[in-house]
There are 2 protein chains.
Amino acid sequence: MENLNEILSLDSKAKTRMVKKGEILQTEGSYSSLAFYVKKGLLRSYTIDEKGKEHIFMFASEGWLMADIESQEFDQPAELFIDCLEDSELVVFDRSCFKIATLTESQLKKNAHLLARRTAVLQRRVIMLMSASARKRYNRFLETYPELPDRVPQRMIASYLGVTPQALSTIRGKIARQK
Amino acid sequence: MENLNEILSLDSKAKTRMVKKGEILQTEGSYSSLAFYVKKGLLRSYTIDEKGKEHIFMFASEGWLMADIESQEFDQPAELFIDCLEDSELVVFDRSCFKIATLTESQLKKNAHLLARRTAVLQRRVIMLMSASARKRYNRFLETYPELPDRVPQRMIASYLGVTPQALSTIRGKIARQK
DNA sequence: CTCATTTGTTAATCTAGGTGAATGCTTTGT
DNA sequence: ACAAAGCATTCACCTAGATTAACAAATGAG
């Protein structure tokens, strides 16, 4: 991820803010979407389907940027909820800060890298979801985010992987037993 | 989608090229990745898993840009195959044309906008794959790409949706019968 | 035109993962 | 400190979709 100084240069009005575990930073359907750079702590973004079930879209720990860039760029209401999984220290950016039309050239370049990187992550995620079993997705998750399993409740890892907590528990049991 | 003139302004060296149905434009692992703007015709990008099964990542018909932006951005070998589903007329861009460092401000803005749009599509796709049944995904596909069902073989639609051709056939049978 | 390949359909299994419920364990709030 | 809520695990089901296979229709190459 870009370092903090580069990120900060995107918006001189950005402010540091402390948030408590459980605090909700963005609600689906809201227009006041912001972007959050995580200095310390852990965020997640997710949707809630018509049956009330949560589907975690991504996590953001130290050094990552959490934003509903898509809804910001197209001036649509937020599609995602964003909330806080640990007491965190965030740098908060105004949504205008990611509106492409308003950015300077050097900001655009940073932004383009962030976007390209994000797109690459999503591309791999789509391919995994289409082609790999729950067990393979879990193993890939462990490789990709080695620091998260100790900080994120298992039911949320399950949600990120697109399986139930029970299924993940069974997978973990099998992996542990066969070693 | 941006109109052709805007796209063309990205690269004065871009050339128009006619390609035949079945022609392969990019192979997984190759470094010579290009980008293709579709003036006429239809392309697809896909991976092949360890069992030899194809997984279609996206389609691009008239007015869309097909590119393995991810591998271009990170100078990695291509992750995707790209081939041609109909005789097509394409504008071919060199990969350098999407290397961020070399672009002008107005090109960067178009590029960023294309990426944001692509990311939004992928975001919805991930959420669909995690939370919706095959039937719902098919209905969503029909709404989103109304022109494709008549041009794309069903087995490829099935591959895009992440189900087997048999499963899609059954879904279509049920939908037709219950009307 | 004709034979071969690819495509779509249907049907009979099989299985990964979902659902629901019971059991302990750990957090949380007061 | 205690009750209450949330969490992970296990088990007994159930169901969506995979697999395999057979067959008919469409496509295509020589």
Side-chain angles (χ1 to χ4, degrees), chain A residues 20-24 42 44 46 48-56 59 83-87 128-142 148-179, chain B residues 20-24 42 44 46 48-56 59 83-87 128-142 148-179:
Chain A
K20 289 276 178 193
K21 179 174 177 177
E23 194 166 329
I24 295 173
L42 186 58
R44 66 167 174 160
Y46 57 100
I48 298 182
D49 68 21
E50 63 287 359
K51 288 174 202 148
K53 205 167 165 184
E54 288 175 11
H55 301 277
I56 294 182
F59 298 103
D83 69 16
C84 195
L85 301 181
E86 298 174 353
D87 292 354
M128 284 303 278
L129 284 169
M130 285 198 300
S131 64
S133 67
R135 175 150 179 185
K136 275 186 189 152
R137 298 205 298 278
Y138 179 58
N139 282 324
R140 175 64 68 92
F141 171 80
L142 292 179
L148 287 188
D150 298 329
R151 297 169 63 181
V152 176
Q154 256 167 58
R155 59 179 201 82
M156 291 192 188
I157 297 176
S159 171
Y160 178 87
L161 295 175
V163 298
T164 57
Q166 293 93 319
L168 179 55
S169 177
T170 307
I171 289 166
R172 283 166 48 84
K174 278 182 192 155
I175 291 174
R177 230 167 288 129
Q178 77 176 194
K179 271 199 187 148
Chain B
K20 289 274 179 196
K21 179 175 176 175
E23 192 166 330
I24 294 174
L42 185 59
R44 66 167 175 159
Y46 58 101
I48 299 182
D49 69 21
E50 63 286 1
K51 289 173 200 149
K53 203 167 165 184
E54 288 175 11
H55 301 276
I56 295 181
F59 298 103
D83 70 14
C84 193
L85 300 181
E86 297 174 354
D87 292 354
M128 284 304 277
L129 284 169
M130 286 198 299
S131 65
S133 67
R135 176 148 178 187
K136 275 187 190 153
R137 299 206 297 280
Y138 178 58
N139 283 325
R140 176 65 68 94
F141 171 81
L142 292 180
L148 287 187
D150 298 328
R151 298 168 63 181
V152 176
Q154 256 169 59
R155 50 174 274 274
M156 292 193 186
I157 297 176
S159 171
Y160 177 87
L161 296 174
V163 298
T164 57
Q166 295 90 321
L168 179 56
S169 177
T170 307
I171 288 165
R172 284 167 46 84
K174 279 183 191 154
I175 291 174
R177 229 167 288 127
Q178 78 177 192
K179 269 195 191 156

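We name chains A, B, ... by the order of the sequence lines, and we start the count at 1 in each one.
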Is it the case that the side chain of B:Asp87 and the backbone of B:Lys20 share a donor-acceptor pair, with hydrogens and angles ignored and the cut-off at 3.5 Å?
no
Between P on C:dG17 and NZ on A:Lys136, what's the gap in Å once rounded to a whole number?
11 Å
Can you identify which nucleotide, out of D:dT10, D:dA8, C:dG17, has its nearest atom closest to the A:Arg177 side chain?
D:dT10
Rounded to whole Å, how long is the line connecting atom CD1 of B:Ile171 with atom C1' of C:dT9?
14 Å
Classify the nucleic acid contact of B:Gly162 as base, sugar-phosphate or nothing, counting any heavy atom under 4.0 Å across all strands shown.
sugar-phosphate
Give a yes/no answer on whether the side chain of A:Lys21 brings an N or O atom under 4.0 Å of OP1 or OP2 in C:dT28.
yes
Can you see if the side chain of A:Thr164 gets near the phosphate of C:dG17 - specifically, an N or O under 4.0 Å from OP1 or OP2?
no
Checking only heavy atoms, does the side chain of B:Gln166 share a donor-acceptor pair with the base of D:dT20 at less than 3.5 Å?
yes
Salt-bridge present (B:Arg44, B:Glu86; N to O < 4.0 Å):
no
Would you find a donor on one side and an acceptor on the other, under 3.5 Å apart, between the side chain of B:Arg137 and the backbone of B:Ala132?
yes
Distance, rounded to the nearest Å, where A:His55 contributes NE2 and C:dG18 contributes P
11 Å
Length of the line joining B:Met130:CE and C:dG17:P, which is rounded to integer Å:
16 Å
Separation of D:dT15 atom P from B:Lys174 atom NZ, nearest Å, is 12 Å
Select base, sugar-phosphate, or nothing to describe what A:Lys51 touches, counting heavy atoms under 4.0 Å on all strands.
nothing
Can you tell me the distance, in whole Å, between the NZ atom of B:Lys53 and the P atom of D:dG17?
13 Å
A:Arg155 CZ - C:dG18 P separation (whole Å)
16 Å
Within this structure, what is the CG-to-P distance between B:Leu129 and D:dA16, rounded to whole angstrom?
18 Å
Mind checking if A:Pro165 touches a base, just sugar-phosphate, or nothing, with heavy atoms under 4.0 Å?
nothing
Is it true that a side-chain atom of B:Thr170 and a backbone atom of B:Gln166 form a donor plus acceptor pair closer than 3.5 Å?
yes
In sequence, state the C-alpha distance, the side-chain angles, and the governing distance for A:Tyr138 and A:Arg172, and then conclude on side chain to side chain donor-acceptor pair (under 3.5 Å).
CA-CA 9 Å; A:Tyr138 179 58; A:Arg172 283 166 48 84; 3.1 Å; yes
